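Predicted model, so just to flag it, every value in this text is computed and none were measured. By convention in this document, chain letters (A, B, ...) are assigned in the order of the sequence lines, proteins followed by strands, and residues within each chain are numbered from 1.
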Number of protein chains: 6
Amino acid sequence: MTPVFELPSVVVDRVVALALEEDLGSGDLTTEACVPADAQAVAHAVARSAMVACGAGVAARVFARVDASLAFEAHVADGARVEARTRLWTVRGRARSILMGERVALNLVQRMVGVATQARAYVDAVPAGCATRIADTRKTTPGLRALERYAVRAGGARNHRDDLGAAVLIKDNHIAACGGVRPAIERARAAAPHTAKIECEVETLAQLDEALAAGADIVLLDNMPTATVIEAVAAVKRAGGRALVEASGGVTLARIPELARAGVDAISVGALTHSVPAADVGLDFE
Amino acid sequence: MTPVFELPSVVVDRVVALALEEDLGSGDLTTEACVPADAQAVAHAVARSAMVACGAGVAARVFARVDASLAFEAHVADGARVEARTRLWTVRGRARSILMGERVALNLVQRMVGVATQARAYVDAVPAGCATRIADTRKTTPGLRALERYAVRAGGARNHRDDLGAAVLIKDNHIAACGGVRPAIERARAAAPHTAKIECEVETLAQLDEALAAGADIVLLDNMPTATVIEAVAAVKRAGGRALVEASGGVTLARIPELARAGVDAISVGALTHSVPAADVGLDFE
Amino acid sequence: MTPVFELPSVVVDRVVALALEEDLGSGDLTTEACVPADAQAVAHAVARSAMVACGAGVAARVFARVDASLAFEAHVADGARVEARTRLWTVRGRARSILMGERVALNLVQRMVGVATQARAYVDAVPAGCATRIADTRKTTPGLRALERYAVRAGGARNHRDDLGAAVLIKDNHIAACGGVRPAIERARAAAPHTAKIECEVETLAQLDEALAAGADIVLLDNMPTATVIEAVAAVKRAGGRALVEASGGVTLARIPELARAGVDAISVGALTHSVPAADVGLDFE
Amino acid sequence: MTPVFELPSVVVDRVVALALEEDLGSGDLTTEACVPADAQAVAHAVARSAMVACGAGVAARVFARVDASLAFEAHVADGARVEARTRLWTVRGRARSILMGERVALNLVQRMVGVATQARAYVDAVPAGCATRIADTRKTTPGLRALERYAVRAGGARNHRDDLGAAVLIKDNHIAACGGVRPAIERARAAAPHTAKIECEVETLAQLDEALAAGADIVLLDNMPTATVIEAVAAVKRAGGRALVEASGGVTLARIPELARAGVDAISVGALTHSVPAADVGLDFE
Amino acid sequence: MTPVFELPSVVVDRVVALALEEDLGSGDLTTEACVPADAQAVAHAVARSAMVACGAGVAARVFARVDASLAFEAHVADGARVEARTRLWTVRGRARSILMGERVALNLVQRMVGVATQARAYVDAVPAGCATRIADTRKTTPGLRALERYAVRAGGARNHRDDLGAAVLIKDNHIAACGGVRPAIERARAAAPHTAKIECEVETLAQLDEALAAGADIVLLDNMPTATVIEAVAAVKRAGGRALVEASGGVTLARIPELARAGVDAISVGALTHSVPAADVGLDFE
Amino acid sequence: MTPVFELPSVVVDRVVALALEEDLGSGDLTTEACVPADAQAVAHAVARSAMVACGAGVAARVFARVDASLAFEAHVADGARVEARTRLWTVRGRARSILMGERVALNLVQRMVGVATQARAYVDAVPAGCATRIADTRKTTPGLRALERYAVRAGGARNHRDDLGAAVLIKDNHIAACGGVRPAIERARAAAPHTAKIECEVETLAQLDEALAAGADIVLLDNMPTATVIEAVAAVKRAGGRALVEASGGVTLARIPELARAGVDAISVGALTHSVPAADVGLDFE
């Protein structure tokens with residue numbers, strides 16, 4: 001089974017090269033000394049606990065970059081929930097090459113699985129019947145944004161804007177610089193591409209009303225207690241209901257159900273990428 | 001006060017550029033629309049909780065790369081323990097530039113502080129009087145190895161080998177390929193630079209004896225219960241005590257005291273870098 | 001006067017380095033032979049015809065990369081209309097360095113001015129009272145997208161989505177793959193970030209109705225005669241008027257007035273960047 | 001039929017990667033949402049008007065970099081004149097990959113065809129029986145010099161020097177710095193490689209005589225009226241006829257016949273690359 | 001026969017690309033003009049004198065980067081001693097591609113063979129029965145460290161530390177900064193990874209004793225006459241013999257036997273890489 | 001005194017970064033442990049023997065890249081002959097930074113001085129009264145071509161063509177592919193830029209006559225005995241004397257006088273760059 005991998009190689013290859021240069025740039029003293037050049041091996045990536053599979057395609061590229069003659073096979077699609085002891089993928093070929101790429105492949109996969117698994121937990125915390133989506137933020141690991149956003153999607157969550165050029169998000173400093181919510185939204189609408197949504201962070205219901213009146217496409221409720229969130233959702237409906245409502249600000253897993261029930265369209269969670277325990281994926285040699 | 005920053009710019013600049021390209025490569029729609037080109041600002045990085053300071057020098061480079069005219073000042077040395085609400089550093093100048101660099105600077109600093117703070121916790125768990133050092137592993141975030149290893153040191157822990165070319169570490173697959181611990185160590189000693197230490201992972205006391213007899217510089221006790229670790233330390237002493245003893249394998253904070261008291265020279269902890277909650281550092285504009 | 005330049009250096013520097021390597025990577029035989037190392041010079045960039053100024057900040061970086069000791073001063077803000085013989089910027093210092101950077105600086109500036117000037121012409125063709133904006137497309141010169149989009153804005157036009165990840169634009173092949181306009185829009189809304197607008201290209205009024213019913217944020221009228229465009233604008237109004245209307249497809253300057261009067265919100269013009277005569281900017285040495 | 005492509009991959013790959021990063025660096029929201037991962041497609045590049053084919057080899061590399069499993073076939077050799085509706089090349093495979101690479105491939109090919117087609121027009125304007133060659137200049141698009149020079153050759157024109165290190169071209173500032181044409185040529189001959197030709201720009205017939213006397217390999221007649229060009233050609237013949245004569249300076253297509261008949265060896269035309277309308281090449285999916 | 005090549009492609013590819021850009025970045029005027037695009041060729045790399053084979057794997061990558069369709073076959077393993085007229089490797093395919101890659105491939109191979117052959121001479125100068133190893137230093141050609149260190153090993157010598165981060169080497173300036181040999185060693189032991197050996201350069205026997213007492217893992221005898229080296233080796237034995245003894249400092253081939261007989265463990269020789277005559281390897285076309 | 005350095009930074013910086021990444025990419029264990037962060041130092045580069053100074057500008061860039069606060073001063077111009085114990089340049093500032101950049105700076109400078117000094121020896125071997133120039137070849141160290149060509153010039157020699165795109169050089173394989181010297185020259189003249197000289201390698205006097213008749217700009221006498229060279233020079237004179245005569249092929253220093261007296265215009269010497277002993281330049285700390 002081939003990994004269904006949607007990241008174009010032109011992006012992945014850059015961070016893969018960087019990671020391999022970090023670890024293998026001076027060769028592998030141990031493997032070169034101890035493993036014959038012609039020794040062959042088969043190694044299986046195995047989930048050591050239950051997890052959401054992710055990143056086989058990236059591992060495939062790591063091994064291909066070390067040694068193009070290695071054969072790689074994925075056994076599980078990205079996004080699948082697997083039990084402990086599941087084989088995720090297998091790499092076969094020159095033993096030296098597998099050993100040289102092992103750590104980099106695992107460092108990437110463990111992080112991607114970690115992100116996907118954690119995202120899954122947040123998504124699963126949304127009560128049945130709620131249409132709320134869980135979204136990531138720009139709090140990604142520098143250099144790994146594309147991989148982490150992919151893992152977020154593999155875990156069933158959705159992405160927020162990719163970068164500062166993909167959508168408008170007006171925050172407190174922008175509001176202050178413009179002298180209010182309305183002028184900030186108006187300036188953004190005039191200057192930004194008509195293809196870009198305009199999201200505005202609000203801290204009070206008064207700001208919310210101003211944002212809605214100015215035609216914000218999305219309102220971001222920043223760090224509001226649930227009761228206020230409920231009021232805000234109602235205010236948006238009263239205003240015609242065109243704007244999407246996003247809640248954010250130090251959201252924990254425990255708060256997901258109540259925020260979802262409050263009727264927000266999206267909850268964005270920095271922890272989805274900024275605080276991720278690595279998943280326990282091991283590489284077992286036959 | 002200048003940040004005491006030991007990382008040569010040639011290394012930092014590469015990941016800083018990559019991170020800025022990810023976030024700012026298409027410009028900043030919001031800031032360009034809402035903030036006048038000549039607006040000035042002063043922003044302070046503030047610890048939102050107690051933490052170990054780290055990474056001001058990296059933040060300085062991020063802002064310098066966005067706009068060389070920004071002024072940056074660090075208030076706390078890397079490695080210092082600070083209380084919540086401590087100002088870590090200040091950046092002054094064109095408001096647009098500060099806003100454009102904010103997220104990348106924080107993403108890097110929050111991770112570095114997170115690593116330093118967690119390392120500090122492990123180091124502090126070593127009972128007084130024990131000479132045991134806490135060490136990292138190669139389980140670092142791809143692309144960030146140099147920054148994370150620096151943060152580990154800022155937290156009072158020590159680094160393990162930097163990469164596969166810096167020291168020999170013989171693991172189970174190498175032993176299997178050579179047909180035993182002794183031939184593996186002998187081959188490594190013959191092939192590797194005489195400047196490289198030879199460390200050998202052992203899973204049993206029998207393997208330990210074989211590694212000591214073959215002259216391993218370091219023995220790595222892999223996933224051993226504390227009672228076995230104590231036996232192993234005694235065995236090393238009996239053998240002359242020249243080899244360093246390192247314990248590793250899924251070590252948690254809770255096990256640090258007993259492992260340290262068992263007399264190991266070093267405890268290497270993958271979680272020091274592979275599972276790090278981002279520290280809560282905010283950027284407050286005056 | 002400083003150039004008001006909004007492009008972060010991290011992006012500009014890459015294409016500047018590439019351009020300098022192309023032209024100067026083997027040195028400058030002539031200048032090294034003929035111009036004394038200590039000769040000083042002052043050179044003024046001069047508009048040889050009426051144009052919209054653009055790109056002084058990029059020229060400044062080119063010269064800085066050749067020789068950091070050169071002094072650079074811009075005399076005209078990006079976006080200003082200037083008459084022939086206007087001085088745009090001045091560079092002073094080592095004559096060799098100015099000569100070595102001249103061609104690369106001019107190649108970049110002539111293209112940026114060309115884009116800005118042409119954009120200005122399209123914008124000026126919009127009749128007074130029409131709110132229609134002129135927008136670029138992804139038909140930019142490979143490697144120069146950020147610079148050309150900046151020049152488009154300097155000329156008073158606006159940008160379309162920056163890249164394939166910034167907004168959804170459903171075209172004929174996507175519609176075919178999904179079996180219709182509605183399922184395409186629905187799949188996109190489910191998968192894409194909630195921060196991304198969903199634009200749908202339509203070739204018939206029936207497709208337009210389907211797109212509006214499915215809640216497209218923007219409808220792209222592809223290659224429609226003006227009469228059909230007028231019908232389409234009316235249909236959008238009937239449907240509630242929430243969707244923006246964009247016209248596109250081989251639009252020439254001559255058609256701008258009638259399309260604008262038809263009431264579209266935006267006209268996107270590939271020629272804004274794909275077919276641009278270089279502006280005549282010369283560098284005169286004192 | 002294979003594209004006869006003479007550009008070494010090591011050069012093309014760099015700008016291809018840059019262009020793909022610009023457009024596809026954040027993924028393709030639309031295609032990922034709307035096109036099944038296993039959908040297959042066949043797409044044909046088709047000339048929408050008469051043109052000179054060029055750049056199939058570059059398109060092939062773009063698609064290979066997006067997805068190495070795509071199959072690419074060129075139907076027409078670079079440099080061939082084709083009628084409207086001619087199929088230029090075909091790409092087959094995963095529909096997603098073709099859609100992701102389409103814009104970048106077309107942006108490059110449309111520009112290369114545009115350059116080749118325009119070069120062809122200039123070459124065709126040289127009257128039968130004239131040996132005059134049409135040449136490009138260093139006024140190329142930054143980052144695309146190698147591709148544009150290749151396209152110039154595909155259109156039947158010839159290249160001028162590649163960069164500042166490939167040949168000597170003495171201009172007014174160099175002459176001024178040396179105190180005259182003769183010392184400038186002498187200094188250049190002494191310093192430059194003996195493998196480098198020495199070309200000297202002259203603005204008057206007096207300068208021409210001085211350049212010929214000093215042994216210039218090529219004289220560049222800068223912005224001279226045709227009558228003066230004719231005199232200059234005669235002067236070169238009188239001087240022994242060893243020097244090549246090149247005319248340059250704002251040359252339009254209309255002036256090519258008279259300049260060629262005047263007997264110059266080469267006419268260099270900046271517009272060959274600095275002002276090129278993109279050719280209309282479309283990608284039709286079966 | 002496949003070249004047994006241990007350098008991971010991720011490292012080799014970078015310098016190969018740089019070298020090809022240098023030489024082929026503007027195309028190959030001669031080959032494009034004179035050799036038909038479809039001409040085929042077979043070319044054999046031949047040793048023009050006796051030498052130690054090295055670098056076939058690097059040559060293979062050069063040709064693959066120019067044209068992936070070329071076939072490459074190595075006939076001799078790296079490290080093998082070959083006589084004059086031995087065929088080292090063969091490349092077959094498009095004649096143009098072979099000619100375009102020839103110079104870069106030979107420049108790399110001639111240097112690698114040169115290093116390997118010279119290393120072999122130093123290793124062969126060690127008298128039978130001496131266990132002394134010949135080692136390289138960090139005096140490598142910038143950009144080629146990995147290739148030259150590989151060639152050193154192919155010649156039978158061994159590597160010293162790879163870079164400043166792989167092992168500690170305390171020199172005179174470090175000793176001065178710490179106020180003595182002992183504090184320098186103690187500080188290094190406290191700060192450096194426990195996986196890093198600590199080597200200390202000594203200029204006198206007194207310094208030697210201090211280094212041994214402080215527990216240096218290696219002592220580097222800097223520029224000592226042989227009689228002093230003999231004394232130093234005796235002092236190390238008296239101290240328990242744990243430290244390795246390395247001699248260095250302007251060592252010539254002629255001094256190798258006496259230094260080896262003096263009993264040092266290693267002799268490090270900067271000339272192994274900093275002063276290497278290129279080996280005479282030619283490329284003969286069938 | 002400032003170093004008179006003609007290499008544009010855009011080229012030098014790339015190899016400087018590569019070299020620093022090789023050596024300093026993992027930090028400097030020793031210096032960080034032993035040298036206080038605030039220690040200051042002054043270090044002088046000193047010639048340990050007579051040599052031709054070269055490369056101070058490159059050293060300056062190395063130190064600037066490690067630490068922009070270091071101050072650098074050159075005392076001797078590139079190309080100056082200096083006696084042993086001459087101070088070449090001085091660097092001042094943070095001791096750590098100087099120690100971290102020392103090896104890379106010296107590796108580059110020692111090679112550049114080595115090339116310049118050796119070039120000087122060849123140039124000095126040309127008898128007084130002979131106008132013969134000594135030239136380098138494309139046998140440069142991969143990655144260092146620009147630096148080595150600069151050093152060749154500093155030593156008083158001249159450069160040959162920079163790369164395969166800068167001039168035509170027809171060799172045996174090209175002649176074979178075209179079926180003779182004349183068609184090879186004619187094809188090259190038709191295809192190559194008119195700004196490129198056409199050089200043709202000849203192995204016999206018959207080939208020489210054919211090359212001259214076909215109008216070669218330069219004839220390269222390959223591996224001819226001096227008597228034949230004398231005949232060849234006479235043949236060129238008989239043919240009108242327009243072509244330059246270059247001798248090449250395993251030329252040693254000893255043969256320079258006789259080849260120069262034979263009247264050739266240039267002697268190209270591969271050994272100028274492919275076999276260069278590093279010059280002995282040391283860095284002395286005050």
Visitor: Looking at every non-hydrogen atom in both residues, tell me the closest pair between E:Asn107 and F:Pro142 and how far apart they are.
Guide: CB-CG, 4.1 Å

Visitor: What pairs of donor and acceptor atoms, side-chain ones from residues 111-119 of chain F against any protein atom, are under 3.5 angstrom apart with sequence neighbours left out?
Guide:
unit_1, atom_1, unit_2, atom_2, d
F:Arg111, NE, F:Thr141, OG1, 3.3
F:Arg111, NE, F:Glu148, OE2, 2.6
F:Arg111, NH2, F:Thr141, OG1, 2.7
F:Arg111, NH2, F:Glu148, OE2, 3.1
F:Arg111, NH2, F:Thr273, O, 3.1
F:Thr117, OG1, F:Val52, N, 2.9
F:Thr117, OG1, F:Val113, O, 2.7
F:Gln118, NE2, F:Ala271, O, 2.6

Visitor: Are any non-hydrogen side-chain atoms of E:Asp23 and F:Arg145 less than 4.5 angstrom apart?
Guide: yes

Visitor: Against chain E, label F:Ala167 side chain, backbone, both or neither, depending on which of its atoms sit under 4.5 Å from a heavy atom there.
Guide: backbone

Visitor: How long is the gap from CD on F:Glu201 to OG1 on E:Thr30, to the nearest 0.5 Å?
Guide: 11.0 Å

Visitor: With rounding to the nearest 0.5 angstrom, report the CG to NZ distance, F:Leu106 to E:Lys139.
Guide: 8.5 Å

Visitor: Between chain E and each of F:Arg103, F:Arg187, F:Glu21, F:Arg189, count heavy-atom pairs under 4.5 Å; write down the option with the most.
Guide: F:Arg103

Visitor: Can you tell me which portion of F:Ala196 sits under 4.5 Å from chain E's heavy atoms? Options are side chain, backbone, both or neither.
Guide: side chain

Visitor: For each of F:Val11, F:Asp162, F:Leu144, F:Val276, tally heavy-atom pairs with chain E at distances under 4.5 Å, and name the one with the top tally.
Guide: F:Leu144

Visitor: Taking only residues two or more places apart in sequence or in another chain, which ones pass ring-ring contact (aromatic ring centres under 6.0 Å, His included) with E:His274?
Guide: none

Visitor: Heavy-atom distance under 4.5 Å to chain F: side chain of E:Glu199, backbone, both or neither?
Guide: neither

Visitor: Determine whether a donor-acceptor pair (N or O, by modelled atom type, separation under 3.5 Å) exists between the side chain of E:Glu22 and the backbone of F:Asp163.
Guide: no

Visitor: For E:Leu29 versus F:Gly165, what's the shortest heavy-atom pair and its separation?
Guide: CD1-O, 3.4 Å

Visitor: Of all the residues in residues 278-286 of chain E, which have a heavy atom that comes within less than 4.5 Å of a heavy atom in chain F?
Guide: E:Ala278, E:Phe285

Visitor: Closest approach of F:Cys34 and E:Ala184, non-hydrogen atoms and distance?
Guide: SG-O, 3.6 Å

Visitor: Is there side-chain contact between F:Arg14 and E:Leu18, with heavy atoms separated by less than 4.5 Å?
Guide: yes

Visitor: Tell me, for F:Ala166 versus chain E, whether the close heavy atoms (under 4.5 Å) come from the side chain, the backbone, both or neither.
Guide: backbone

Visitor: Taking distance alone, no hydrogens or angles, what donor-acceptor pairs closer than 3.5 Å link side-chain atoms of residues 170-178 of chain E to residues at least two apart or in another chain?
Guide:
unit_1, atom_1, unit_2, atom_2, d
E:His174, ND1, E:Lys171, N, 3.0
E:His174, NE2, F:Thr31, OG1, 3.0

Visitor: Give, as side chain, backbone, both or neither, the part of E:Val35 having an atom under 4.5 angstrom from any heavy atom of chain F.
Guide: both

Visitor: Taking every heavy-atom pair that is under 4.5 Å apart, which of E:Pro277, E:Ala191, E:Gly270 has the most such pairs with chain F?
Guide: E:Pro277

